[in-house]
Amino acid sequence: MTAVEFIEPLSHDEGVKNATDLFRATYGEEPAGVWAAPGRVNLIGEHTDYNAGLCLPIALPHRTFIALKPREDTKVRVVSDVDSENVTEADLDGLQAGGVEGWATYPVGVAWALREAGFDAVQGFDAAFSSCVPLGSGLSSSAAMTCSTALALDDVYGLGYGASDAGRVTLINAAIKSENDMAGASTGGLDQNASMRCTFGHALRLDCRPELSPLENVSQQEFDLDKYGLELLVLDTQAPHQLNDGQYAQRRATCEKAAEILGVANLRVVADSIAKSDDPFQALKETLDKLEDDTMKKRVRHVITEIARVNSFVRAFANGKIDEAGRLFNASHDSLAADYEVTVPELDIAVDVARANGAYGARMTGGGFGGSIIALVDKARGTRSHRRLLTASKRKVSTHLAPCRRSLRLPRAARLIAEADAKTRVGARP
Ligand code: GLA
C-alpha cells in the first residue's frame with residue numbers, strides 16, 4: 001500500500017526559528033525581524049487574471065518565512081534553507097530588469113520594483129528564507145517569497161503599506177513587477193493577491209478589472225468545508241511546473257490579440273456582455289465566429305466560460321450545492337485540458353482517478369503545465385481517497401513520468417487559513 005506523504009506546514013515558531021537560525025549562521029548577527037506569507041490554492045478561475053477576469057483563491061497554511069536585516073548600502077545578500085551553503089549577492093544600484101539570475105531574482109526583484117516605483121528609502125538587505133511551500137508545484141512558492149519580502153521591506157523601511165488591505169496592493173504590485181520584469185514570467189496578479197489578502201475562513205473573490213480600486217476588487221466569500229463535511233485534497237503530481245518557458249506568455253499573448261480583434265480592452269468586457277445577453281450560448285458562438293484562428297477560438301472559449309464558472313461556483317458553494325460545485329471543478333479542468341491546453345498527462349490522470357474515487361469534482365490548480373490538482377471529497381473519504389489517488393496515479397502514469405507522491409492535507413482549511421493570515425498580517429517577530 002502506498003504511504004501518503006503529507007507535507008505538514010511549519011508552525012509559526014518553527015518557521016521563525018528556522019529563518020532566524022539560518023540568518024545567524026550565515027551572517028553572524030541578529031535579524032531585525034521575521035515576516036511570512038503563504039502559498040495558495042486557486043479554487044476556480046484559472047488563466048482569467050490577466051484577462052481582467054475573476055479568480056477564487058484560498059491561502060495555504062504553508063508559508064515562507066524571511067528573517068531580514070536592512071543594510072545601509074545597496075547590496076543584497078540572500079540565502080535559503082534549500083541550499084544553505086550558497087549566499088547569492090546582488091547590488092540594487094544600477095540594477096536593470098533581468099539583471100539577476102536564479103531564485104534570488106524574486107526577493108531582489110521586489111526591492112528593485114519598490115525603488116522603481118519611487119520608494120527611494122528602500123536600500124539593500126540581508127535575508128534568510130525558510131519555507132514549507134512546495135517548490136514548483138503550482139502552489140505559488142514564488143509569490144510566498146516575493147510577498148514575504150515585500151512585507152519585510154515595507155516594515156523595516158517604514159513605507160506603511162503592509163498594515164491595511166488596500167495598502168498591501170502597493171506591495172502586491174511590486175511583487176508582480178518582480179515576477180514579470182525581473183524573473184521574466186508574465187503572470188497576472190492572482191498569486192500575490194491571494195498571498196496578501198486572503199482572510200479567516202474565506203475564499204477571496206478577486207475581480208481583476210484594472211479600473212477597480214483595491215476597495216472594490218476583492219470580496220471575502222465564506223469557505224467553510226467543515227460545514228458541509230468536506231475536505232479539499234491538494235495533490236502535487238511532481239510534474240515540473242515552470243511559467244517562464246514561453247508557453248504561459250503565449251497563452252496571454254493570444255488572449256490579448258483576440259481582445260484586439262474583437263475591439264475590446266480585454267476579454268472580460270466580452271465575458272460580461274455575453275453573460276448579460278438573453279442567449280449566452282448564441283452570444284458566445286457569435287463572438288467565436290468573429291475569430292478566424294481555431295486555437296484562438298478555443299483560448300477565448302475557455303476564458304469566457306471560466307469567468308462565468310467562478311460566479312456559479314460561489315453561488316453553488318454558498319447554497320450548499322456541493323454536486324454542482326464539483327461539476328464546476330470538473331468543467332474547469334476539462335476546459336483547461338481541451339481548450340486552453342495547459343494540462344499534462346500527470347494532471348489529467350490524477351483528476352480522472354479522483355473523480356473515479358468519489359470526488360465531487362477535481363481539477364488542476366494554478367498555471368498548469370505540471371503542478372498540483374485539487375479534489376473536493378467527503379471528509380470521511382479524505383485519507384482513503386488520497387491513498388487510492390496515489391496508488392492508482394502511480395500505476396497509470398508511465399514510468400518516465402514522475403508519479404504523484406506528495407500531498408497537502410487541508411482538513412480544517414478555514415482554521416488554518418486564519419492562522420496563516422493573522423501571522424502574515426502583523427509580520428511575526430522572534
Ligand atoms: C499562475 C500565474 C497566475 C495565474 C495562474 C493561472 O499561477 O502566476 O497569475 O495566471 O497561473 O490562473
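Each residue takes its place number in the sequence, starting with 1. All ligand and atom numbering here is 1-based and tracks the order in the structure.
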| query | Is any side-chain N of the basic residue among R301 and D289 closer than 4.0 Å to the acidic one's carboxylate O? | reply | no
| task | Could you go through the side chain to side chain contact (heavy atoms under 4.5 Å, CB included) check for T237 and S372 one step at a time? | result | CA-CA 6 Å; T237 66; S372 301; over 6 Å; no
| task | Could you give me the CA-CA distance, side-chain angles and deciding distance for S332 and R363, then say whether side-chain hydrogen bond (donor to acceptor under 3.5 Å, both in side chains) is met? | result | CA-CA 7 Å; S332 169; R363 58 179 296 275; 3.0 Å; yes
| said: With the threshold set at under 4.0 angstrom, would you say Q192 reaches ligand 1 through any of its heavy atoms? | reply: no
| note | Note: ligand 1 atoms sitting under 4.0 Å from heavy atoms of T187 are 2 (C), 8 (O), 9 (O)
| request: For I176 and D191, run side chain to side chain contact (heavy atoms under 4.5 Å, CB included): C-alpha distance rounded to whole Å, both residues' side-chain angles, the deciding distance at 0.1 Å, then the answer. | output: CA-CA 9 Å; I176 295 172; D191 310 341; over 6 Å; no
| Does an N or O from N42, backbone or side chain, lie closer than 3.5 Å to an N or O of ligand 1? | no
| Heteroatom proximity flag, H47 to ligand 1, N/O under 3.5 Å | yes
| said: As an exercise, identify every atom of ligand 1 less than 4.0 angstrom from a heavy atom of R40. | reply: 7 (O)
| message | So, regarding D49 and ligand 1 (criterion: nitrogen or oxygen to nitrogen or oxygen, under 3.5 Å), is there a contact or not? | response | yes
| note | Out of F369, Y248, Y340, the nearest non-hydrogen contact to atom 2 (C) of ligand 1 is supplied by Y248
| query | For ligand 1, which atoms have a heavy atom of Y50 less than 4.0 angstrom away? | reply | 10 (O)
